[in-house]
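Step one of this worksheet: look at the structure below.
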Amino acid sequence: MSDPVSKEVPTQRTERDPDLPPNFVEDMVREQVAQGRHGGRVVTRFPPEPNGYLHIGHAKSICLNFGLAQKFDGQCNLRFDDTNPETEDADYVHAIKKDIQWLGFDWGKNEFYASDYFQKLYELAVQMIKDGKAYVDSRTTEEIRDTRGDYYKPGVEAPDRGRSVEENLALFEQMKGGTLPDGSHVLRAKGDMASTDVKMRDPVMYRIRHAHHHRTGDTWCIYPLYDWAHGQSDYIEKVTHSICSLEFVNHRPLYEWFLDQIGAPPGDRPEQTEFAKLNFTYTVLSKRRLLELVKLKHVEGWDDPRMPTLSGLRRRGVTPEALRTLCDRVGVSTRDSVVDISLLEHAIREDLNATSPRVMAVLRPLKVTLQNFPENEVIEFDAPFDPEKPEGPSRKIPLSRVLYIEQEDFMETPPKKFFRLAPGQEVRLRYACIIKCIEVKKAADGSIEELVCEWDPASRGGTPADGRKIKGTLHWVSATHAVDATVRLYDRLFLAENPLKDKDTYLEHLNPNSVEVLSGCKLEPSLAEAKAGQRVQFERLGYFCEDASTTAAARVWNRTITLKDTWAKVAGKE
RNA sequence: ACGGGAGUAGUCGAGCAGUCAAGACACGCGGCUUUGACCCGCGAAGCGAAGGUGCGAGUCCUUCCUCCCGUACCA
């Protein structure tokens, strides 16, 4: 991440950035570092499970964890929490790594996998058994569940809880050996079946699963569960700050208890801190739901531009800078929150506004013939890519007798304050000249087919010679020079502000018009050379990004986001 | 009913007993404009409730209310 200040003044890097909201995690770490806790070290980790794609919610965690490491000269490990081979896959590993890099973070050599620690975890578990702290329970899942009790009633201890160390050791060895069927036994820690904290009622540490693991293959048939694997993995990696989302607050006592059991020294072990994860209005952020959208083909894949996944946002044209800025702005707290999607949209527009070249494209063409413009003549106008820097880079824009304007920029009987084209009205063609509509040609069905206009040769460049005021300025493209393209207009995927209000019917809130594909769009000729991934602003329309599927013969652009449209708001009220 | 979290404007979110309760987005009004964009002004809007302790309370105490999480051999 660009952080010129910390590079120039490294000694101040741990101070609060006055331009950004402070957050309690950073404040906590700063204080601990000042006190010399963990020897002043800061080691965080981002622990994705490779069973789905990363989404914008993960971006907050990534920014927090990697950001902390940067601010405090520490380290952030990328650790794949791959303890459930039935749902995980190497393809996800690749996608996740690509997304993190795209977001702008680098884990260097610190790429780890929970599966790297299977042997170590196993040895730790054996020690637990030897210490009389764990036992093999040979009942069914149902029996175990039925005896766990509930919120008001304590659980009852398992009959197998009293097995001897030798018997437990032998049984656990058999579980690992591969001769026992899935589900026949589990290894449980001896917690407290009477605890009011249900999580402490003899938590399961290992289960038998004869499943192929994407990294360890068939080496193991017993797999550790989250509560056992996660904390110990943090400890093995010497993580100092294990930051996770609010739903894990309930796990913290167990997290600490397991660390106690394996003898992790109180002064030198990872500490779990929870924060509120990111949620947005009109958005669904849960891997399970996102997977569902993909499988049910409501979208075209994990990287469909309508998806809130990092790969979808990338394809849509959103910049990593915008996402990082957004994460900084929303702050970090312990309060369940749902951020207004407009905050994201603003961050996207803000960055794109500062970085996108301006070009012209007509999405829904309306033919305009300049009656008094000489046939076969072409006039080229110089137009800067950044209108705020007129002397900067520019391109030539050709004007000829026939051109296209946007259909919605003409109205036969315009309402008040319609600063666009109408019969008898004048309007400016951006960077070119003033034109006046003198005739409307219609098809047999009454639809408008073509506009006949007159241009004012004395207004070259768009400035009328007599200084008369021209309120409206339209974007346009010369017909003979236009580059044809397909443009996909994206809108929000869900119509409801809170699509998951009723989790069973959330698909009913899917926006049937979340994508509109327009073909025959007319791009200005400078875009003939554009490459996939190129981001631009089509003036007066919005920010667009050339899609990965584009070819010279079939150009495809995606609309990242529209420009704010005050006129639409005004017109909509009438 | 049990355990654990959390309540500051429409949405996020500063504030940690003592200026008129930051800032951002959204919203409204106005200005500027060869993008009805950007930008620049201005405005409306808030401490979940009730008690209590302080000269003084979002800030401390008590009670109440509301919301979230928790009984997976998922993470």
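Letters A, B, ... mirror the listed sequences (proteins, then strands); counts begin at 1. Here the structure is a predicted model, which is why all the values come from computation and not from measurement. In what follows, every heavy atom counts, from backbone to side chain, and hydrogens, waters and symmetry copies are set aside.
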| task | Could you label the plane-to-plane angle of the Phe172(A) and Tyr122(A) rings as parallel, tilted or perpendicular, counting under 30° as parallel and over 60° as perpendicular? | result | parallel

| said: Both distances below 3.5 Å, Watson-Crick or wobble geometry, any strand: find the nucleotide opposite A26(B). | reply: none

| request: Assign each of Glu247(A) and Asp81(A) to its nearest nucleotide of RNA chain B by heavy atoms, then name whichever residue's nucleotide is nearer the 5' end. | output: Glu247(A)

| Counting only Watson-Crick or G-U wobble pairs whose two distances fall under 3.5 Å, which nucleotide matches A6(B)? | U66(B)

| note | Closest non-hydrogen atoms of Asp197(A) and Arg201(A), given as atom of the first, atom of the second and distance, are O-CG, 3.7 Å

| task | Look at all strands and tell whether Arg139(A) reaches a base, only sugar-phosphate, or nothing, counting heavy atoms closer than 4.0 Å. | result | base

| request: Indicate, with a heavy-atom threshold strictly under 4.0 Å, whether Lys199(A) touches base, sugar-phosphate, or nothing. | output: nothing

| task | Look at the side chain of His475(A) and the base of A37(B), then say whether one donor and one acceptor between them are separated by less than 3.5 Å. | result | no

| message | Can you see whether Tyr113(A) has Arg215(A) sitting over its ring - NZ or CZ less than 6.0 Å from the centre and within 45° of the normal? | response | yes

| message | Check the phosphate of C74(B) against Arg207(A), side-chain N and O only, distance under 4.0 Å to OP1 or OP2. Yes or no? | response | yes

| message | With a 4.0 Å cut-off on N to O distance, would you call Glu26(A) and Lys71(A) a salt bridge? | response | yes

| request: Counting Watson-Crick and G-U wobble pairs only, both distances under 3.5 Å, name the nucleotide matched with U53(B), or none. | output: none

| message | The side chain of Thr334(A) is closest to which nucleotide in this list: A37(B), A6(B), A75(B)? | response | A6(B)

| task | Specify the separation, in whole Å, of atom NZ of Lys389(A) and atom C1' of C38(B). | result | 13 Å

| Which part of the nucleic acid, if any, lies within contact of Tyr543(A), taking any heavy atom under 4.0 Å across all strands shown: a base, the sugar-phosphate backbone alone, or nothing? | nothing

| said: What is the separation between atom NE2 on His210(A) and atom P on C73(B), rounded to the nearest whole Å? | reply: 18 Å

| Which nucleotide in G13(B), C73(B), G3(B) has an atom nearest any side-chain atom of Val186(A) | C73(B)

| request: Give the rounded distance in Å between these two atoms: CG of Leu254(A) and P of A72(B). | output: 14 Å

| query | Are the ring of Trp567(A) and the six-membered base ring of G36(B) within the stacking cut-offs of under 5.5 Å and under 30°? | reply | yes

| Base partner of A72(B), which must satisfy Watson-Crick or wobble distances under 3.5 Å | none

| task | Verify the contact: side-chain N or O of Arg358(A) to OP1 or OP2 of A37(B), cut-off strictly under 4.0 Å; return yes or no. | result | no

Would you list the atom pairs, donor with acceptor, under 3.5 Å between side chains in residues 383-394 of chain A and any protein atom, with sequence neighbours excluded?
unit_1: Asp386(A); atom_1: OD1; unit_2: Glu388(A); atom_2: N; d: 2.9
unit_1: Ser394(A); atom_1: OG; unit_2: Asp382(A); atom_2: OD1; d: 3.0
unit_1: Ser394(A); atom_1: OG; unit_2: Asp382(A); atom_2: OD2; d: 3.0

| message | List the residues meeting ring-ring contact (aromatic ring centres under 6.0 Å, His included) with Tyr282(A), not counting sequence neighbours, and say none if there are none. | response | none

| task | Look at the side chain of Val249(A) and decide which nucleotide, out of G5(B), C74(B), G36(B), has an atom nearest to it. | result | G5(B)

| query | With a non-hydrogen cut-off below 4.0 angstrom, is Val332(A) in contact with a base, only sugar-phosphate, or nothing? | reply | sugar-phosphate

| field | Spacing between Asn498(A) atom CG and C68(B) atom C1', to the nearest angstrom | value | 13 Å

| Is the phosphate of C73(B), meaning OP1 or OP2, less than 4.0 Å from a side-chain N or O of Thr140(A)? | no

| request: Rounded off to whole Å, could you give me the CG-to-P distance for the Asp150(A) and G4(B) pair? | output: 16 Å

| request: With heavy atoms under 4.0 Å as the rule, sort Arg420(A) into base, sugar-phosphate or nothing. | output: base

| task | Pick base, sugar-phosphate or nothing for Thr463(A), based on heavy-atom distances below 4.0 Å to the nucleic acid. | result | base

| request: Could you please name the option among A37(B), C12(B), A75(B) that lies closest to any side-chain atom of Glu388(A)? | output: A37(B)

| request: Could you tell me whether the side chain of Arg145(A) has a donor or acceptor atom within less than 3.5 Å of a complementary atom in the base of U71(B)? | output: no

| Sidechain N-carboxylate O distance under 4.0 Å for Glu426(A), Lys471(A) | no

| said: What contact category does Arg148(A) fall into here, base, sugar-phosphate, or nothing, at under 4.0 angstrom with non-hydrogen atoms? | reply: sugar-phosphate

| request: Quickly work out the Asp328(A) CG to A14(B) P distance and round it to whole Å. | output: 13 Å

| request: Take atom CD of Glu86(A) and atom C1' of A75(B), then tell me their distance rounded to the nearest Å. | output: 13 Å

| Check: Phe381(A) ring centroid to Tyr431(A) ring centroid under 6.0 Å | no

| note | Assign each of Gly183(A) and Ser459(A) the nucleotide of RNA chain B bearing its closest heavy atom; nearer the 5' end lies the nucleotide of Ser459(A)

| Expressed in angstrom and rounded to an integer, what is the separation of Phe280(A) atom CZ from A24(B) atom C1'? | 14 Å

| Is Leu225(A) touching bases, backbone alone, or none of the nucleic acid, heavy atoms closer than 4.0 Å? | sugar-phosphate

| request: Return the nucleotide paired to A21(B): Watson-Crick means purine N1 to pyrimidine N3 with N6-O4 or O6-N4, wobble means G-U with N1-O2 and O6-N3, both under 3.5 Å. | output: none

| said: Using a 4.0 Å heavy-atom cut-off, does Thr83(A) contact any base of the nucleic acid, only the sugar-phosphate backbone, or nothing at all? | reply: sugar-phosphate

| said: Under 4.0 Å, heavy atoms only, any strand: does Pro224(A) hit a base, just the sugar-phosphate, or nothing? | reply: sugar-phosphate

| task | Report which part of the nucleic acid Glu49(A) touches: base, sugar-phosphate, or nothing (heavy-atom distance under 4.0 Å, all strands). | result | sugar-phosphate

| task | Would you please test Phe248(A) and Tyr226(A) for ring pair (Phe, Tyr, Trp, His ring centres under 6.0 Å) and show each step? | result | CA-CA 11 Å; Phe248(A) 290 96; Tyr226(A) 173 84; 5.1 Å; yes

| task | Search all heavy atoms of Leu121(A) against all heavy atoms of Ala114(A) and return the closest pair with its distance. | result | CD2-O, 4.4 Å

| said: Would Tyr151(A) count as stacking on G70(B) if stacking means ring centres less than 5.5 angstrom apart and planes tilted under 30 degrees? | reply: yes

| query | With sugar-phosphate meaning primed atoms plus P, OP1 and OP2, does Tyr223(A) contact a base, only sugar-phosphate, or nothing at under 4.0 Å between heavy atoms? | reply | nothing

| request: Sugar-phosphate atoms are those with a prime plus P, OP1 and OP2; base atoms are the rest. Using that split, label each nucleotide of nucleotides 25-33 of chain B B, S or - for protein heavy atoms under 4.0 Å, 5' to 3'. | output: SSSS----B

| note | Taking C74(B), C38(B), U35(B) as options, the one with an atom nearest any side-chain atom of Leu563(A) is U35(B)

| remark: Output for pair (Leu500(A) CG, Ser286(A) OG), nearest 0.5 Å, gives 6.5 Å

| Using the glycosidic torsion, which applies to G58(B): syn (within 90° of 0) or anti (everything else)? | syn

| Taking atom types as they are modelled, is there a donor-acceptor pair under 3.5 Å from the base of C69(B) to the side chain of Asn250(A)? | yes

